[in-house]
Amino acid sequence: MNQVYEPLPVSFYQKETLNLAQSLLGCLLVKETNEGLTSGYIVETEAYKGPEDRAAHSYRNRRTKRTEVMYKEAGRIYTYQMHTHTLFNVVSAGIDEPEAVLIRAIEPNDGVSLMEKRRSGRKLRDLTNGPGKLAKALGITMDDYGKPLTEPPLYLAKGYIPKDISCGPRIGIENSEEARYYPWRFWIKGNHYVSK
DNA sequence: GACATGATGCACT
DNA sequence: GTGCATCATGTCT
């Protein structure tokens with residue numbers, strides 16, 4: 001299949017994690033598979049900041065097989081399994097700085113019918129408005145773990161500049177004590193496809 | 001090897 | 001709003 005979008009360069013990812021989490025909003029997330037090309041504009045993200053962030057997998061520098069890619073350079077893919085779902089993160093910060101940005105929701109763009117098929121015929125709005133949902137809709141799996149986001153089959157491309165960004169506490173980390181209140185979740189204000 | 005846990009989603013009330 | 005399926009991963013033994 002021909003590549004129809006130009007991947008963003010690695011320099012795009014080389015910024016402070018909270019900054020990157022906001023910069024990702026409006027970018028086009030593209031996945032190419034044998035079944036076809038699917039894409040969506042990122043509308044919701046969450047930043048996870050390394051050793052001091054109680055909610056991060058890399059809290060207290062916990063370096064395991066799962067978190068290993070977080071210690072690599074920015075712009076790599078960090079996927080992991082949660083219950084029966086795959087969640088997709090963008091690795092941020094420098095070498096040995098285990099930070100990442102979770103992509104929580106996208107706005108469907110290309111390949112909507114394929115995404116509907118992968119999501120058992122659910123309606124447009126329910127296709128990609130959650131981290132597990134968008135991974136399934138785009139066909140993101142653990143096979144993508146550790147690969148660079150700067151080339152197919154999974155990459156980011158230029159999208160649009162969001163008009164207005166909101167922030168608030170992250171979702172689903174109630175057991176993370178003080179970290180549960182950090183306003184490190186970002187979304188495009190008023191967007192129809194934000195998860196909550 | 002055994003066991004506890006969860007950055008979720010879905011069905012149900 | 002509440003309950004729970006379900007399994008990879010991490011930790012302890």
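Naming convention: chains lettered A, B, ... in sequence-line order (proteins, then strands); numbering from 1 in each chain. The shown structure was predicted, so the numbers you read here are calculated from the model rather than taken from an experiment.
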| query | Closer than 4.0 Å, any side-chain N/O of A:Arg122 to the OP1 or OP2 of B:dC10? | reply |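 Yes.
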| message | With a 4.0 Å cutoff (strictly under), does any side-chain N or O of A:Arg119 reach OP1 or OP2 of B:dC10? | response |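 For A:Arg119, the contact criterion (side-chain N or O under 4.0 Å from OP1 or OP2 of B:dC10) is met.
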| query | Which residues, if any, of residues 66-97 of chain A bring a heavy atom under 4.0 Å of DNA chain C? | reply |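 Hits under 4.0 Å, by residue number: A:Arg66, A:Gln81, A:His83, A:Thr84.
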| request: Start with the C-alpha distance between A:Arg54 and A:Glu178, add both sets of side-chain angles, then the distance that settles side chain to side chain contact (heavy atoms under 4.5 Å, CB included), and finish with yes or no. | output: CA-CA 8 Å; A:Arg54 233 186 158 85; A:Glu178 76 279 0; 3.9 Å; yes
| Are A:Val90 and A:Tyr13 close enough, and set up right, to give a side chain to side chain contact (heavy atoms under 4.5 Å, CB included), and what steps lead you there? | CA-CA 9 Å; A:Val90 177; A:Tyr13 302 94; 3.7 Å; yes
Rounded distance in Å - [atom1] ([X]) to [atom2] ([N]):
| X | N | atom1 | atom2 | answer |
| --- | --- | --- | --- | --- |
| A:Arg104 | B:dG9 | CZ | P | 7 Å |
| A:His57 | C:dA8 | NE2 | P | 16 Å |
| A:Glu44 | B:dT8 | CD | C1' | 13 Å |

| task | Give the intermediate values and the outcome of side-chain hydrogen bond (donor to acceptor under 3.5 Å, both in side chains) for residues A:Tyr193 and A:Asp126. | result | CA-CA 8 Å; A:Tyr193 297 94; A:Asp126 281 321; over 6 Å; no
| What nucleic acid atoms does A:Arg185 come within less than 4.0 Å of, heavy atoms only: base, sugar-phosphate, or nothing? |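 No contact.
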| task | Describe the nucleic acid contact of A:Arg54 in one word from base, sugar-phosphate, nothing, applying a heavy-atom distance below 4.0 Å. | result |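 It contacts nothing in the nucleic acid.
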| Which residues, if any, of residues 131-148 of chain A bring a heavy atom under 4.0 Å of DNA chain B? |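 Here the set is A:Pro131, A:Gly132, A:Lys133.
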| query | A:Phe88 ring centre to A:Arg104 NZ or CZ under 6.0 Å, with the angle to the axis within 45°? | reply |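 Verdict for A:Phe88: no cation-pi partner in A:Arg104.
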| request: Report the residues that fulfil salt bridge (Lys or Arg N to Asp or Glu O under 4.0 Å) with A:Asp110, sequence neighbours left out, ordered by chain and then residue number. | output: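 Partners of A:Asp110 under the salt bridge (Lys or Arg N to Asp or Glu O under 4.0 Å) test: none.
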| message | Just so I know, are the side chains of A:Ile188 and A:Glu107 near enough to count as touching, which here means a heavy-atom distance under 4.5 Å? | response |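 Not touching, per the 4.5 Å side-chain cut-off.
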| A:Val69 and A:Ile77: side chain to side chain contact (heavy atoms under 4.5 Å, CB included), yes or no, with the steps? | CA-CA 8 Å; A:Val69 73; A:Ile77 297 162; over 6 Å; no
| request: Would you indicate whether A:Tyr160, at its atom OH, is surrounded by more than 12 heavy atoms from other residues, nucleotides or ligands within a distance under 6.0 Å? | output: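 Counting other residues, nucleotides and ligands, OH of A:Tyr160 exceeds 12 neighbours.
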| Greater than 12 external heavy atoms within 6.0 Å of A:Lys15's NZ |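 For A:Lys15, atom NZ is crowded (more than 12 foreign heavy atoms under 6.0 Å).
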| request: Measure the CG-CG distance between A:Leu149 and A:Leu156 for me, rounded to the nearest 0.5 Å. | output: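 One gets 5.5 Å once the value is rounded to the nearest 0.5 Å.
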Please tabulate the protein-to-nucleotide N/O contacts below 3.5 Å involving nucleotides 11-13 of chain C, giving atom names and distances.
from	atom 1	to	atom 2	distance (Å)
C:dT11	OP1	A:Arg62	NH1	2.9

| message | Determine whether A:Arg118 and A:Thr38 satisfy the following criterion, side chain to side chain contact (heavy atoms under 4.5 Å, CB included), listing intermediate values before the conclusion. | response | CA-CA 11 Å; A:Arg118 287 171 175 155; A:Thr38 47; 3.6 Å; yes
| Where DNA chain C forms stems, i.e. three or more consecutive Watson-Crick or G-U pairs with both distances under 3.5 Å |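 Stems found: B:1-6 with C:7-12, B:8-12 with C:1-5.
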| query | Can you hop from A:Tyr80 to A:Leu134 via hydrophobic side chains spaced under 4.5 Å? | reply |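 They do not share one cluster, since no chain of ILVMFWY contacts under 4.5 Å joins A:Tyr80 to A:Leu134.
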Show every donor-acceptor pair shorter than 3.5 Å between a side-chain atom in residues 94-101 of chain A and any protein atom, with sequence neighbours excluded, or say none if there are none.
from	atom 1	to	atom 2	distance (Å)
A:Asp96	OD1	A:Arg63	NH1	3.3
A:Glu97	OE1	A:Gly94	N	2.7
A:Glu99	OE1	A:Thr17	OG1	2.4

